[in-house]
Amino acid sequence: MTTSGAFRERLFGAWVEIRENLGRSILQALGVLLGVASVLGGFSISDSQRKRADQMFVKMGGLDKLNIQPKAAVRDGQPTALQQANLGLRDADAIGGEALKADAIQGVSRQKNARSRVVSAYGDQDRQISGIGGDFIPANGYAVAQGRGFSATEMDTGAPVVILGTEAAQTFFPKGDAVGQTLRIGAIPVTVIGAFEERVFRFREGQRNQFWWRNRIIAVPANLVQRRMNGDAYRRVDRVSFRIPDMAVMGAFAKQLSDLVKANHRLQEDFRLDDVAARIRRRNSQGDVYDIIFMLSGVLALVGGGIVNVNIQMAGLKERVREVGVKMALGASGREIFKGFMTEALLLTALGSLAGLVLGIGFSWIITKSLGIPLYMTPASFVWAYGLAAAFGFLFALYPAWKASRLSPMEALRYE
Amino acid sequence: MSTIIQTEGLTKVYGANGAAVHALRGIDLTVGKGEFVALIGPSGSGKSTLMAILGCLDLPSTGTYTLDGHQVQGLSGGELARIRNEKVGFVFQSYNLLPKASIVRNVELPMLYAGVGRRERRERAMALLEKVGIADKADKLPGTLSGGQKQRVAVARALANEPALLLADEPTGALDSKTGAEVLDLFRELHRQGNTLLLVTHDPSIAAQAERRVEIRDGLIALTEGVA
Ligand SMILES: Nc1ncnc2c1ncn2[C@@H]1O[C@H](COP(=O)(O)OP(=O)(O)O)[C@@H](O)[C@H]1O
Ligand SMILES: [Mg+2]
């Protein structure tokens, strides 16, 4: 059978048929085209949106970081001295936590904050002071643009040095010569050793900078805050972040860390851990609604197009009864006729789908462009769009093809 | 002489009960190999119905039919298609060429259904077009040909699978008398080469050129003349 090239002949015949009835064929392919474009475009737009949201989440320091923060656990009356000693998040928790999954954790950062009056020759404001430790700077997406970062010794000893965000530098040293100058935080004179790069993130071009508040940072070594501003004997910290890029590892780690810290704190749940499961759920479900809407509109277009196709095919069949009769007289079986009609419908579906893919790409490109987000397309979207079109194309081709194959050769030949 | 067509008591009823039309009422017909038979009779007498049954396009209501040794009654649609493909070549009054396929593809079609390979198909189709004298039109579409040329293509196509029986229903009915005569010459030539021919006509001058004439009236054989 293969050597006779019957399939090739059918394909050729189908192509001739499509070409000869161009108007009708285009009409038939239109439903497929719109369906495919709608599914592909919809999926791609929501993929792009999701990708962008992911990017923002990562940039904002989400997704790959597990944060642990203290919360009040003793509600009734004053805590006892023993409770007092064990409560709150401490350096020890950070060190113990890191030991749990040393190879999967790419960084640990600590924060100990204070509020204080900040004074320079140009400004005098009540500001938040970020005492930072560990890998805080890279882990939170900061980079030193001028001057230098903290040395290990400065971190250790809690040296009176500060790095300013662009807004802070602008506020306290509007002449742009912050590095090397002195700033007073409360009563402590600190030397400006560096300035951070400006942080900018816009969800869409032209929108406001989502990260403007990050440029307000006034960063000093955590130990400086702990020892000279509002520290205590237990070296409590305000926040510990573990950076773990692998989501699966993070889930397991969150559970272990919770157990460890709870044990350290004499079984008091005086801390709050990010809900990793909820985060994963939220991430995965972003844009689901749109996916469903676009899939539905695509399916509707395909069903609508399919019904139109059945009608056109049935009307076309009337014109082609005689042709079917002739083929049957020459020895074509009903099966052969069926295959011929199916080949034609599927070729048309394939061509329509191809055009639909092109249209879908253009469509997504225009929409994402106008939203100001980069276009991101996954192979899965193409597979879905093409698969749905092929499935519906096949389904709706069956009836006319079956009808044609059941014609009686005698009746078909007599048909005028 | 071996038998190509052998029918006994063939009847065909269209419709049912009150509206039933008895197109054939009991046809006993035998045609030997290499015969040239003309089927004549007035319009509505049942000629086309008989042709359809002899060509396995339709099944008789009752009676038996054996074509080149094959029992036809009771066969499935697929089996009938195989027999038509292998045993029968049709030539119609209105040519019935596929308008969107080139001349050579039209001639190849029966071979395609028979599973003949591409190259052999093309070679045989070209040889047949040569035989009917229009090989130069092989790549043209049927619409560009004259009536006489179209009928030659139809004859070439009917001969494609070397059928046991050539059936022609009013093959000259749509042609002027000159081209009609030429096509008839082609049939006579095919007869000389040993083909078995059954030709339906209402024109006595054409029927006169056959070896044997069978006349049908009201679904029955009224008269047979010539060598039996
Ligand atoms: N499909 C059909 N349904 C009903 N009656 C038919 C059908 N085909 C043919 N007939 C009737 O059968 C009779 C014989 O027709 P036909 O074989 O075409 O005659 P002829 O070819 O000799 O003119 C006519 O009365 C015709 O009306
Ligand atoms: Mg007739």
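The basis for the numbers below is simple: all heavy atoms, side chains too, and nothing from hydrogens, waters or symmetry mates. Since the structure is predicted, the reported quantities are computational estimates derived from the model, not experimental observations. Note on naming: letters A, B, ... go to the chains in the order of the sequence lines (proteins, then strands), and numbering restarts at 1 for each one.
In this structure, A:K403 places its NZ atom where only 12 or fewer heavy-atom neighbours from other residues, nucleotides or ligands lie under 6.0 Å away. For B:E162, the CD atom is loosely surrounded, since the number of other residues' heavy atoms within 6.0 Å does not exceed 12.
In this structure, no portion of B:R119 lies under 4.5 Å from any heavy atom of chain A. Proximity to chain A is limited to the side chain of B:Y14, based on heavy atoms less than 4.5 angstrom apart.
Smallest separation of non-hydrogen atoms from B:A81 and A:S333: CB-CA, 3.7 Å.
Separating the CZ atom in A:R8 from the CG atom in B:L112 is a distance of 12.0 Å, to the nearest 0.5 Å. To the nearest 0.5 angstrom, B:T49 atom OG1 is 5.5 Å from A:M410 atom CE. Rounding to the nearest 0.5 Å places CG of B:L57 at 8.5 Å from OG of A:S408. Taken from CE in B:M111 to CD in A:E9, the straight-line distance is 11.0 Å, to the nearest 0.5 Å.
Proximity to chain B among residues 28-37 of chain A is not found for any residue, judged by heavy-atom separations below 4.5 angstrom.
Between A:L413 and B:F92, the closest side-chain pair of non-hydrogen atoms falls below 4.5 Å. Using a 4.5 Å heavy-atom cutoff, the side chains of B:R157 and A:V326 are in contact.
Top candidate by heavy-atom pairs under 4.5 Å with chain B, chosen from A:E323, A:M328, A:R19, is A:M328. Top candidate by heavy-atom pairs under 4.5 Å with chain A, chosen from B:E108, B:E79, B:R84, B:R82, is B:R84. Of the listed residues (B:N85, B:V88, B:I83), the greatest number of heavy-atom pairs within a distance under 4.5 Å of chain A belongs to B:N85. Contact tally against chain B (heavy-atom pairs below 4.5 Å) for A:G13, A:G325, A:G331: the top residue is A:G331.
No side-chain N or O of A:R414 forms a donor-acceptor pair with one of B:S48 less than 3.5 Å apart.
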